Amino acid sequence: MLTKQEVMNALSTVMDPDLGQDLVTLGMIEDLQVEGEKVSFSVVLTTPACPLKRKIENDCRTAVLSMTGAKEVEINMTARVRGQQKVDLGNNCFKHVIAVSSGKGGVGKSTVSVALASALAADGAKVGLLDADIYGPNVPRMLGIDELPPMQEGQKPDPANINGMKVLSIGFLVSEGQPLIWRGPMLHNAIQQFLTDFNWGELDYLIIDMPPGTGDVQLSVAQTLPIGGAVIVTTPQQVAVDDASRAISMFHKLDVPVLGIVENMAFLPMPDGEKLFLFGEAGGENLARRAGVLLLGRIPIDPGLGKGGDIGSPIFSEDKAEATRDALRDMARKTAAAMSTVAHAARTG
Ligand code: ADP
């Protein structure tokens, strides 16, 4: 007779390639049932955006069918996001705080922040997006919002709710076209209040659109926020890459793990399938190699993205090329996997 132990033995040969351990050791197998020759269980991943979800499911099925007498295997793929150092702030709980940063402005940092948050939310994660880019708070415009929802008397205010994401922007504090001169303590207080005084609830991921650059302001924002991992956005241009390299150094100095680099505007896809490298070839990829960090994605130049980004159409709407949407989704899943890996390493020492 087929036993649970045999099934567990078979599943202990299946690895989570990102975490580098088997699923049984990682405690990912739950609800195991054996009825005659039928086996069912849940695989509890560390993120719903796991890029290897299908592979892990197939590996489980193959292992159980080939190593035990089971004839039928039913697998429920699910996820429970486990935080690195769960950040509890004013009744809010952020399991992973991910900073999206760049060495210079205009490289697509806000676009990547919005795409990352939207894609993780679409995969089923609870996501918040905090636009802390005091120099150019673009997120509200990109998402087509300009103010907060009305406040309820006696309650903590809610962030705006867009496509299932909770969104706050430092732009809500500034009227359009009116640059605010932020001084260190004021900025620190504003960000602290955003984190503690609003009703974020419990989030799997808080994505932060950081101010571009590596000066004092960036440093103080980075130190104010409980960042678990940083994503660096660059174009392939040398000037952007050099500045991105400084951003990596800044996070290293702050002991914040760099999850990887997103190379944005990497190439212009031509109708015949050729790629035009308008801003140089593989600058982000080369930087990732030199810095010893992951390349999380190469996002094509897409006029639909530029347009959508400026008028508040959803980042995954049909006016973007399919290849762009795929590249953005893939980037988000790789980022989630990298965050899980960093968090797992921190938990297990
Ligand atoms: P940053 O936050 O780094 O200043 P943004 O995300 O605001 O950059 O992007 C700058 C401009 O470039 C925006 O108009 C945006 O829509 C556009 N853009 C960003 N990425 C792309 C891309 N891959 N293809 C085309 N336009 C893009």
Side-chain angles (χ1 to χ4, degrees), residues 18-19 26-28 30 42 44-50 78-101 113-114 116-132 139 143 148-149 151-152 154-170 172 187-210 220-231 251 254-257 259 332-333 335-349:
D18 287 321
L19 303 186
L26 288 167
M28 286 184 175
E30 292 186 3
S42 298
V44 186
L45 300 168
T46 53
T47 172
C50 177
T78 158
R80 193 161 52 240
V81 178
R82 282 180 248 181
Q84 175 182 18
Q85 80 300 16
K86 243 176 45 170
V87 186
D88 289 302
L89 282 171
N91 288 335
N92 297 313
C93 168
F94 308 113
K95 292 184 186 170
H96 296 299
V97 179
I98 300 179
V100 180
S101 201
S113 303
V114 170
L116 176 58
S118 305
L120 294 176
D123 272 334
K126 283 184 252 153
V127 180
L129 174 59
L130 173 62
D131 175 11
V139 166
L143 291 171
L148 282 167
M151 305 217 183
Q152 309 281 338
Q155 280 180 26
K156 268 193 180 185
D158 287 318
N161 194 326
I162 311 287
N163 307 329
M165 296 181 277
K166 296 188 173 172
V167 184
L168 273 185
S169 170
I170 209 130
F172 293 151
L187 183 62
H188 177 89
N189 287 344
I191 290 175
Q192 276 299 324
Q193 283 181 17
F194 270 161
L195 294 182
T196 52
D197 293 0
F198 280 83
N199 183 24
W200 295 92
E202 184 174 307
L203 294 180
D204 295 330
Y205 298 97
L206 177 67
I207 309 299
I208 299 170
D209 187 0
M210 297 282 290
S220 80
V221 174
Q223 282 168 330
T224 304
L225 292 161
I227 301 170
V231 170
F251 285 109
L254 294 171
D255 270 333
V256 172
L259 303 177
R333 290 180 183 157
T335 303
M339 190 69 251
S340 288
T341 306
V342 163
H344 179 71
R347 266 198 311 271
T348 55

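Given the structure is predicted, the values throughout are model-derived calculations rather than measurements. The analysis underlying the following values was restricted to heavy atoms, covering all of them including side chains, and did not include hydrogens, waters or symmetry mates.
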Tell me if the CG atom of Asp197 is crowded by more than 12 foreign heavy atoms within 6.0 Å.
yes

Under the rule for side chain to side chain contact (heavy atoms under 4.5 Å, CB included), what residues qualify as partners of Thr335, not counting sequence neighbours?
Ile98, Leu116, Val231, Leu259, Leu296, Met331

Derivation and outcome, side chain to side chain contact (heavy atoms under 4.5 Å, CB included), residues Glu30 and Thr78:
CA-CA 10 Å; Glu30 292 186 3; Thr78 158; over 6 Å; no

Could you report the tightest heavy-atom contact between Val342 and Gly228, atom names first, then the distance?
CG1-O, 4.1 Å

Straight-line distance of Cys50 SG to Asp18 CG, nearest 0.5 Å:
6.0 Å

Measure the shortest side-chain to side-chain distance between Thr224 and Gln192 over non-hydrogen atoms and say whether it is less than 4.5 angstrom.
yes

State, with a plain yes or no, whether a side-chain heavy atom of Asn92 is found less than 4.5 Å away from one of Phe198.
no

Using atom types as modelled, flag every donor-acceptor pair under 3.5 Å from a side chain in residues 119-131 to any protein atom, sequence neighbours excluded.
from: Asp123; atom 1: OD1; to: Arg333; atom 2: NH2; distance (Å): 3.0
from: Asp123; atom 1: OD2; to: Arg333; atom 2: NE; distance (Å): 2.9
from: Asp131; atom 1: OD1; to: Asp133; atom 2: N; distance (Å): 3.1
from: Asp131; atom 1: OD2; to: Val139; atom 2: N; distance (Å): 3.3
from: Asp131; atom 1: OD2; to: Ser169; atom 2: OG; distance (Å): 2.9

Check whether any side-chain N or O of Ser42 sits under 3.5 Å from a backbone N or O of Val44 as a donor-acceptor pair, and report yes or no.
no

In Å and rounded to the nearest 0.5 Å, what is the CG to CG distance from Leu225 to Leu254?
11.0 Å

Quick one: CG on Leu168 to CD1 on Ile191, what's the gap to the nearest 0.5 Å?
11.5 Å

To the nearest 0.5 Å, atom CD1 of Ile208 lies from atom CZ of Phe194 at 11.5 Å

Taking the side chain as everything from C-beta on, heavy atoms only, tell me whether Val81 gets closer than 4.5 Å to His96.
yes

Looking only at heavy atoms, what is the nearest atom pair of Ser113 and Ile207, with distance?
O-CG2, 3.9 Å

Between CZ on residue Arg82 and OG1 on residue Thr47, distance to nearest 0.5 Å
11.5 Å

Where the side chain of Lys156 meets the backbone of Asn199, is there a donor-acceptor pair that is under 3.5 Å apart?
no

Correct closest heavy-atom pair for Met165 and Ala117 would be SD-CB, 3.4 Å

Mind running side chain to side chain contact (heavy atoms under 4.5 Å, CB included) on Leu206 and Lys166 for me, showing each step along the way?
CA-CA 9 Å; Leu206 177 67; Lys166 296 188 173 172; over 6 Å; no

Looking only at heavy atoms, what is the nearest atom pair of Ala79 and Pro48, with distance?
CB-N, 3.4 Å

Taking it one step at a time, do Glu202 and Lys95 satisfy side chain to side chain contact (heavy atoms under 4.5 Å, CB included)?
CA-CA 8 Å; Glu202 184 174 307; Lys95 292 184 186 170; 3.3 Å; yes

Rounded to the nearest 0.5 Å, what separates atom CG in Leu26 from atom NE2 in His344?
5.0 Å

